[in-house]
Student: 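Here's a structure for you.
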There are 2 protein chains.
Amino acid sequence: MKNNSSFKNKLEESGHSFTSQRAEVYSILCENAPAHLTAEEIFIKLTQRHLKIGLSTVYRTLGIFTNIGITDKVDFDDGMSRYELVENFDGKNHRHHHLICLGCGRVEDALDDLMEDLENDVLEKFSFNIIDHSVKLYGYCAECSMKNKIETGSK
Amino acid sequence: MKNNSSFKNKLEESGHSFTSQRAEVYSILCENAPAHLTAEEIFIKLTQRHLKIGLSTVYRTLGIFTNIGITDKVDFDDGMSRYELVENFDGKNHRHHHLICLGCGRVEDALDDLMEDLENDVLEKFSFNIIDHSVKLYGYCAECSMKNKIETGSK
DNA sequence: AATATAATGAGAATGGTTCTCAATTAAGGA
DNA sequence: TCCTTAATTGAGAACCATTCTCATTATATT
Ligand SMILES: [Mn+2]
Ligand SMILES: [Mn+2]
Ligand SMILES: [Zn+2]
Ligand SMILES: [Zn+2]
């Protein structure tokens, strides 16, 4: 549990009660960070811990967490939404990027933004004011790139 | 119909037959470019044109189009996939970005990539070889930014 | 034209997510 | 602490975009 009292505060500030179910879901997220968990995966981890929380409650809780900025909902094109804790680093208000390997399916977080050029360009050309973004980079991780080279016998 | 023969070629090169249904779906996409259409929207436009094409066929066709690089499948978080023609501009092999307005919901295409800094950084730090990306920029369009200013009375 | 292969379409099935509603629990005041 | 009220929970039903099934039809090849 990273910072349970700020978690509780965020709930209460936004007009939600602090319940054992919400605390348990939060604790699963903390223990598994920086994993990207589905509602079902969280539900299973709770069950393994002999905590009887309904799947609807897991979904509802993750919805609330996402609304009040405790979690981010991410989508890696595999048919289900995934959730991860929002990092509360300094002035960071943009979501981090995701490197999605087309070989092994693994997903890595990339914490450097480096979107300034693009954002300035968009503001100039479209007068579009960017609030946040979702950046997914598809390619091959170091390990899969290596395998590809060996298999194709490229120089 | 932008370039019907290259469309036919792409189908045949990839081992698919050229059928009237596929030609019709392609033609709807061309006529509505650069819109981002759902399978259902395409189906409705076909029906309005008195073309009896099954919804399953529309889905299957869009799946094939996306596999062979005729269309891109995009997701604007509204519960359904959308499809748009791939621009066959010169050496462009990365998908374009999307500006999604949180006010009015409109989506604009941003054709400048400007992802070089980020891609170089990712290659250096992770040895991750980027093949393609998906970039969604959320914010307020010129019109909605204006409205927001007036409503909030900000300087 | 005949044959083999692929495509089509109507409807059923799928599956992640949301909804319903009766039972339970939390919150705040007395 | 007890009471009242409003919020939360959970089991299962409902939802709904998409995929699947399979008999029929169209296309490609000989
Ligand atoms: Mn992440
Ligand atoms: Mn687009
Ligand atoms: Zn990999
Ligand atoms: Zn707008």
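Side-chain atoms are counted along with the backbone in the values below, which use heavy atoms only and exclude waters and symmetry mates. Order of the sequence lines sets the chain letters (A, B, ...), proteins ahead of strands, with each chain counted from 1.
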Student: Between atom CG in B:Leu62 and atom P in D:dT19, what is the gap in whole Å?
Tutor: 10 Å
Student: Decide if the gap between the ring center of B:Phe76 and the ring center of B:His98 is smaller than 6.0 angstrom.
Tutor: yes
Student: Starting at atom CG of B:Leu37, determine the distance to atom P of D:dA17, rounded to an integer number of angstrom.
Tutor: 16 Å
Student: Give the rounded distance in Å between these two atoms: CG of B:Leu55 and P of D:dC20.
Tutor: 14 Å
Student: Quick one: the side chain of B:Ser20 and the base of D:dA26, do they pair up donor-acceptor inside 3.5 Å?
Tutor: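 Counting by modelled atom types and ignoring angles, no donor-acceptor contact under 3.5 Å is found here.
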Student: Within this structure, what is the CD-to-C1' distance between B:Gln21 and D:dA26, rounded to whole angstrom?
Tutor: 8 Å
Student: Once you apply a heavy-atom cut-off of 4.0 Å, does A:Arg60 come out as touching a base, just sugar-phosphate, or nothing?
Tutor: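 Answer is base: heavy atoms of A:Arg60 come under 4.0 Å of a base.
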Student: Going by heavy atoms in the side chains, are B:Leu123 and B:Phe128 under 4.5 Å from each other?
Tutor: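 Side chain of B:Leu123 against side chain of B:Phe128, heavy atoms only: no contact under 4.5 Å found.
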Student: Walk along DNA chain C from 5' to 3' and tell me the first and last nucleotide with an atom closer than 4.0 Å to a non-hydrogen atom of chain A.
Tutor: C:dG16 to C:dA27
Student: With nearest nucleotide decided by heavy atoms, which residue, B:Gly15 or A:Tyr83, maps closer to the 5′ end of DNA chain C?
Tutor: B:Gly15
Student: Among the nucleotides D:dT21, D:dG10, D:dT18, which one has an atom lying closest to any side-chain atom of A:Ile53?
Tutor: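 Shortest atom-to-atom distance from the side chain points to D:dG10.
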Student: Students often mix this up, so state it plainly: with edges at 30° and 60°, are the rings of B:His133 and B:His97 parallel, tilted or perpendicular?
Tutor: tilted
Student: If I compare all heavy atoms of A:Phe18 with all of A:Phe7, which pair ends up nearest, and what's the gap?
Tutor: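 What the structure gives for the nearest pair is CE1-CE2, 3.6 Å.
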Student: Check every strand shown and say whether A:Ser17 touches a base, only sugar-phosphate, or nothing at a heavy-atom separation below 4.0 Å.
Tutor: sugar-phosphate
Student: Applying a 4.0 Å non-hydrogen cut-off, can you work out what B:Thr38 is touching in the nucleic acid: base, sugar-phosphate, or nothing?
Tutor: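 No contact.
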Student: Report the end-to-end axis angle of the helix from C:dA1-D:dT30 to C:dA30-D:dT1; each axis comes from five terminal pairs, and the value is rounded to 10°.
Tutor: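 The end axes of the helix from C:dA1-D:dT30 to C:dA30-D:dT1 are about 40° apart, to the nearest 10°.
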Student: Map B:Thr19 and B:Gly79 onto DNA chain D by nearest heavy atom, then report which one ends up closer to the 5' terminus.
Tutor: B:Gly79
Student: Is B:Asp77 salt-bridged to A:Lys73, cutoff N-O under 4.0 Å?
Tutor: no
Student: Is it true that B:Asp75 and B:Arg82 make a salt bridge, defined as a side-chain N closer than 4.0 Å to a carboxylate O?
Tutor: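 Not counted as a salt bridge, because no side-chain N and carboxylate O are separated by less than 4.0 Å.
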Student: Any side-chain heavy atom of A:Val25 within less than 4.5 Å of one from A:Leu46?
Tutor: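 In short, these two side chains touch, coming nearer than 4.5 Å.
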